[in-house]
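Structure first, then comments.
In what follows, every chain begins at residue 1, and chains take the letters A, B, ... in the order their sequences are listed. These numbers come from a predicted model, not from an experiment.
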2 protein chains.
Amino acid sequence: MPTPARTSLEGILKAGRAIIETDGIDGLTMQAIADRVGVRAPSLYKRIRSRNQLLRLVANDAAAELTGELDTAATTGDARRDLAALARTFRDFARRNPGAYSLLFARLPDDARADPEWSVKASAGLLIATERLAGTADSLEAARTVVAWANGFIAMELAGAFRLGGDVDRAWEYGIDHVATAIARRPNRA
Amino acid sequence: MPTPARTSLEGILKAGRAIIETDGIDGLTMQAIADRVGVRAPSLYKRIRSRNQLLRLVANDAAAELTGELDTAATTGDARRDLAALARTFRDFARRNPGAYSLLFARLPDDARADPEWSVKASAGLLIATERLAGTADSLEAARTVVAWANGFIAMELAGAFRLGGDVDRAWEYGIDHVATAIARRPNRA
DNA sequence: ACCTGAACACCGTTCAAGT
DNA sequence: ACCTGAACACCGTTCAAGT
């Protein structure tokens with residue numbers, strides 16, 4: 001006699017997104033998921049192959065969300081303005097979803113990581129802006145400089161690593177402004 | 001009848017530094033330490049209070065090593081050259097000690113993290129260079145921009161996040177050069 | 001077809017017992 | 001004074017058994 005399903009991939013995924021924000025990656029246990037969807041831990045293996053695959057599902061879900069937000073962020077056509085908007089969107093996402101953000105950039109086993117294409121998709125708009133600012137020859141290096149700065153800033157902000165006082169928001173504005181100037185063609189011999 | 005000690009803090013610390021490089025933070029288990037120092041896991045609690053305290057010891061040890069290297073890196077007196085040397089030293093340390101590096105910047109419970117002063121000590125030389133380049137008013141923001149960029153770059157490099165091809169070393173040189181220009185006073189209206 | 005309890009190998013940690 | 005085995009509460013995962 002078939003028993004009706006009490007779990008679903010969607011339910012598990014939603015539970016995963018919620019738990020990773022409250023308890024972090026380490027808190028995302030099979031037990032925690034099972035409690036939340038109202039089932040015993042072994043039953044989860046009817047829907048997912050392993051905890052690592054669950055982490056990948058959660059990471060892909062977050063990546064799609066972030067990519068969607070980035071796609072609608074660069075709208076002015078002004079490369080400098082678009083660059084600042086993309087960076088701001090990235091930072092806002094990280095602040096709203098610190099658990100998902102750290103999952104996306106955590107060093108995890110390959111089978112737990114988001115599909116590699118996500119970073120290509122996510123950086124499409126950025127590459128357009130940096131190409132216009134820095135020129136075709138340097139657009140990849142310029143994009144990497146911006147992403148490294150934004151990623152590093154956000155990671156340090158979330159980790160509470162800015163411990164020398166001062167205004168972190170001011171450091172952000174200073175940073176995006178100066179980095180944009182830096183990658184613009186001939187920044188210091190205009 | 002007192003038994004002679006077969007463990008020592010030094011031995012445990014050295015084992016910890018070694019294991020974190022081969023097996024990562026998650027691989028640094030009490031079992032792994034015990035195996036390496038030739039004792040059973042419960043005996044470790046005669047020397048350390050908990051695994052978290054061990055993580056802190058390892059982190060502090062790595063922080064002292066990194067700080068020492070940074071202290072001898074900025075020697076030319078030329079602020080731009082010193083800045084590049086400090087960044088390069090940072091990157092070299094991370095490549096030689098990727099496990100320790102990620103431990104230093106991982107989000108961990110407070111009792112597992114390195115003492116907060118380490119980052120103050122480590123950034124002393126950097127602040128001198130950025131103050132000369134950017135001026136006193138902006139030196140903190142400038143230092144945060146450099147650290148965010150370097151940290152973000154290294155984290156992405158170690159995570160294998162540069163997936164769009166291209167020459168990563170060239171992106172590093174491009175980045176440090178342009179970031180230095182960016183924070184220098186009046187970069188685009190000289 | 002779905003869910004469960006029991007079991008396994010692993011964690012960190014405590015503690016009484018051995019020397 | 002130091003080390004140990006046994007035990008506890010937790011992990012992820014497998015699997016035979018129940019409906």
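In this structure, the nucleotide among dT14(D), dC3(C), dG5(D) sitting nearest to the side chain of Y45(A) is dT14(D).
The distance between atom CG of L54(A) and atom C1' of dG12(D), rounded to the nearest whole Å, is 12 Å. The nearest whole Å value for the distance from the CG atom in L55(B) to the C1' atom in dG12(C) is 12 Å. Note: CZ (R47(B)) to P (dA1(D)) measures 12 Å, nearest angstrom. Rounded to an integer number of Å, the gap from CG of D35(B) to P of dC10(C) is 11 Å. Atom CG of L44(B) and atom P of dC15(C) are 17 Å apart (whole Å). Rounded to a whole Å, the CZ atom of R40(A) is 16 Å from the C1' atom of dA17(D). Atom-to-atom, CZ of R51(A) to P of dC10(D) comes out at 17 Å; the value is rounded to the nearest Å. Put simply, CD1 on I48(A) is 15 Å from C1' on dC2(C), counting in whole angstrom units.
Base pairing in DNA chain D gives the following stems of 3 or more Watson-Crick or G-U pairs, range against range and under 3.5 Å: C:4-8 with D:12-16, C:12-16 with D:4-8.
Aromatic ring orientation, H178(A) versus Y174(A): parallel (interplanar angle below 30°, classes split at 30° and 60°). W172(B) and W149(B) have tilted rings, their planes meeting at an angle from 30° to 60° on a 0 to 90° scale.
Between R56(B) and D111(B) there is no salt bridge, since no side-chain N of the basic residue sits under 4.0 Å from a carboxylate O of the acidic one. A salt bridge between R88(A) and E173(A) is present, with a side-chain N of the basic residue lying under 4.0 Å from a carboxylate O of the acidic one. We find that E117(B) and R163(A) are not joined by a salt bridge, their nearest charged nitrogen and carboxylate oxygen being 4.0 Å or further apart.
In this structure, the side chains of F90(B) and N151(B) come closer than 4.5 Å at one or more pairs of heavy atoms.
The side chain of S43(A) contributes an N or O atom lying less than 4.0 Å from OP1 or OP2 of dT4(C). In this structure, T7(A) does not reach the dC2(C) phosphate: none of its side-chain N or O atoms is under 4.0 Å from OP1 or OP2.
Listed by residue number, the members of residues 22-33 of chain B with any heavy atom below 4.0 angstrom from DNA chain D form an empty set.
Judged purely by atom type and a 3.5 angstrom limit, N60(B) uses its side chain to pair as donor or acceptor with the backbone of D115(B). Looking only at distances, no side-chain donor or acceptor of T29(A) sits under 3.5 Å from a matching main-chain atom of D26(A). At least one donor-acceptor pair closer than 3.5 Å links the side chain of D167(A) to the backbone N or O of D169(A).
Toward the 5′ end of DNA chain C lies the nearest nucleotide of R6(A), the other residue of the pair R6(A) and A41(B) mapping further downstream.
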